[in-house]
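Some notes on the structure that comes next.
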Protein chains: 2
Amino acid sequence: MADPKYPVRTVGRTFEILEIIQELDGAGVSEIAARVDIGKSAVHNHLTTLENYEYVDKDGDEYHIGLSFLGLGAYARNRTPIYDTAQSQVDELADETGELVNLLVEKNGKGIYLYQSKGENAVELDTHEGKRVRLHCTGLGKAILAFRSDETVDEIIADQGLPELTPQTITDRDAFDAELEEIRDQRYAVDREERLNGLRCIAAPITDDSDRSIAAISVACPVHRVDDDRFYEDLPEAVLGAANVIELEYNYS
Amino acid sequence: MADPKYPVRTVGRTFEILEIIQELDGAGVSEIAARVDIGKSAVHNHLTTLENYEYVDKDGDEYHIGLSFLGLGAYARNRTPIYDTAQSQVDELADETGELVNLLVEKNGKGIYLYQSKGENAVELDTHEGKRVRLHCTGLGKAILAFRSDETVDEIIADQGLPELTPQTITDRDAFDAELEEIRDQRYAVDREERLNGLRCIAAPITDDSDRSIAAISVACPVHRVDDDRFYEDLPEAVLGAANVIELEYNYS
DNA sequence: GAATAGTATTCAGTTATAAAGAACGAAGAG
DNA sequence: CTCTTCGTTCTTTATAACTGAATACTATTC
């Protein structure tokens, strides 16, 4: 995390280029060179090298992210202890509710979607596996923070702040602490359009045997389709049930 | 594919290091330096830079592949056109059969597992999403090759050969061509322990509207548990059914 | 069909930088 | 307590990455 004493600039540039390609959904040499601080011949050299290693695909004059990253990504995910036990439960919950179900873990103060399963009526969202999100504005993130030490929460908020993403985002520190307290009480978190207008979620933490969160699981659904009864009654029960099964399997087997 | 005229060596080294970390399932500086042709201080510089960009995690003195790759990997997978339509069918087939179901695509003459779904009794294997395999020794690979032009098959075999992985692997070119012919006839391929002893599969190609394969789907099961009746009667039907649904959705919607 | 305006590539020169290698510090084994 | 072993720091140097201009494509427009 701390700045490296002797950074290898080329490594940084390589990943900058890759992230630009992803962001632009495919890009050419000049397009990339305009965004990264090196000339286009240098960018060209990077890209042909990456292509040689099969980490990017060349399609005409456009370069794209290669499937080789799936190997590294899936490997990293499989190494994450909770993934193995949680996956089938996430699938089942998606089946049961018909909605979009997410599994999130925390890394360096941010959330990373580890797995996602789409029920029959699942909303189409900007989230995808591997995506990073701020913790304070999602049900998942709040559920995770509620079951971490006060010091950890302090650190993360000091680092990340409480930026407003929608009018409903909690941006006040005291209000946020009260929210975490409530989540600890009821053992699940509610996201009332705090990250995205029109979207709300019910999320539950998955904790280890000392009640520290290691992940969170959520059901996300559009405000207009799912009424309050179902949202506030049925979903919490379903989500808590799934979280519980995962915890049991994870901690006692 | 052709060697780059002006390669950026550092890019290659970076991915060599990452692949070593993956292979060793986590590694320290000296361990990596021993395998890559640079000194340990240089390796150290690489690793701290990668850590800074969150592409590796440091755990004590061991470095591990970071979850950030999941973002790139999942993105690349989502960009693959067949993935979206095939995923739910793969899941369903896994549910139905209780076995391990795989989806493979071809890239540069090799196969890449795009998606995998575990049924209730699924075998535990060395395959995982993103893994590369040779095409000639799996049902999936043979199904894909059977629905490509002769020239393409020639090129790929010239490039990759027909190396023997088990006593059952087809290593003779003429026998391989006959096998492809048979697959074209019955529209599914059988892997009789050709890649891994004790494992056999039924695989069907997924073709576009001009009957060129774009992927293949398979059910894999252990020889000792699944008897011939089920293997040669029930499974082909199930796999062909799933492939058919995917083709319909993919080509006509 | 020529001209033009975008691209991607190539290439030689320059300079920034990645790597070597030795030294230091910390941690663990015998 | 000494002897390894490993990670980290630091300087020096050779190298390899980048610049910037030239060239080669390719598509579009007149």
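Heavy atoms only: backbone and side chains are in, while hydrogens, waters and symmetry mates are out. Sequence lines set the chain letters: A, B, ... in the order given, protein chains first and strands last, and positions in each chain run from 1.
In this structure, B/E62 atom CD and D/dG7 atom C1' are separated by 13 Å, rounded to whole Å. Atom CG of A/D61 and atom P of D/dT26 are 9 Å apart (whole Å). Note: CG (B/D37) to P (C/dA19) measures 11 Å, nearest angstrom. The interatomic distance linking B/Y63 (OH) with D/dC6 (P) rounds to 15 Å, in whole Å.
In this structure, B/L135 CG and B/K142 NZ are separated by 11.5 Å, a value rounded to the nearest 0.5 Å. Distance OG/B/S117 to CG/B/L100: 8.0 Å, rounded to 0.5 Å.
A donor-acceptor contact under 3.5 angstrom links the side chains of A/R79 and B/H64, judged on distance only. Checked by atom type, the side-chain pair A/R212/A/S149 shows no donor-acceptor distance below 3.5 Å. In summary, the side chains of B/R148 and B/S213 do present a donor paired with an acceptor at a separation below 3.5 Å, with no hydrogens or angles considered. Residues B/D209 and B/Y252 bring no donor and acceptor atom of their side chains to less than 3.5 Å of each other.
Between B/K5 and C/dA12 there is no side-chain polar atom (N or O) within less than 4.0 angstrom of OP1 or OP2.
Proximity of residues 6-21 of chain B to DNA chain C (heavy atom under 4.0 angstrom from any strand atom) is restricted to B/Y6, B/T10, B/R13. Contacts of residues 38-48 of chain A with DNA chain D (heavy atom under 4.0 Å): A/I38, A/G39, A/S41, A/A42, A/H46.
The only option from A/T49, A/L47, A/T14 that meets the side-chain contact (heavy atoms from CB on, under 4.5 Å) definition with B/V8 turns out to be A/T49.
The pair B/R77-B/E129 counts as a salt bridge, with a side-chain nitrogen and a carboxylate oxygen less than 4.0 angstrom apart.
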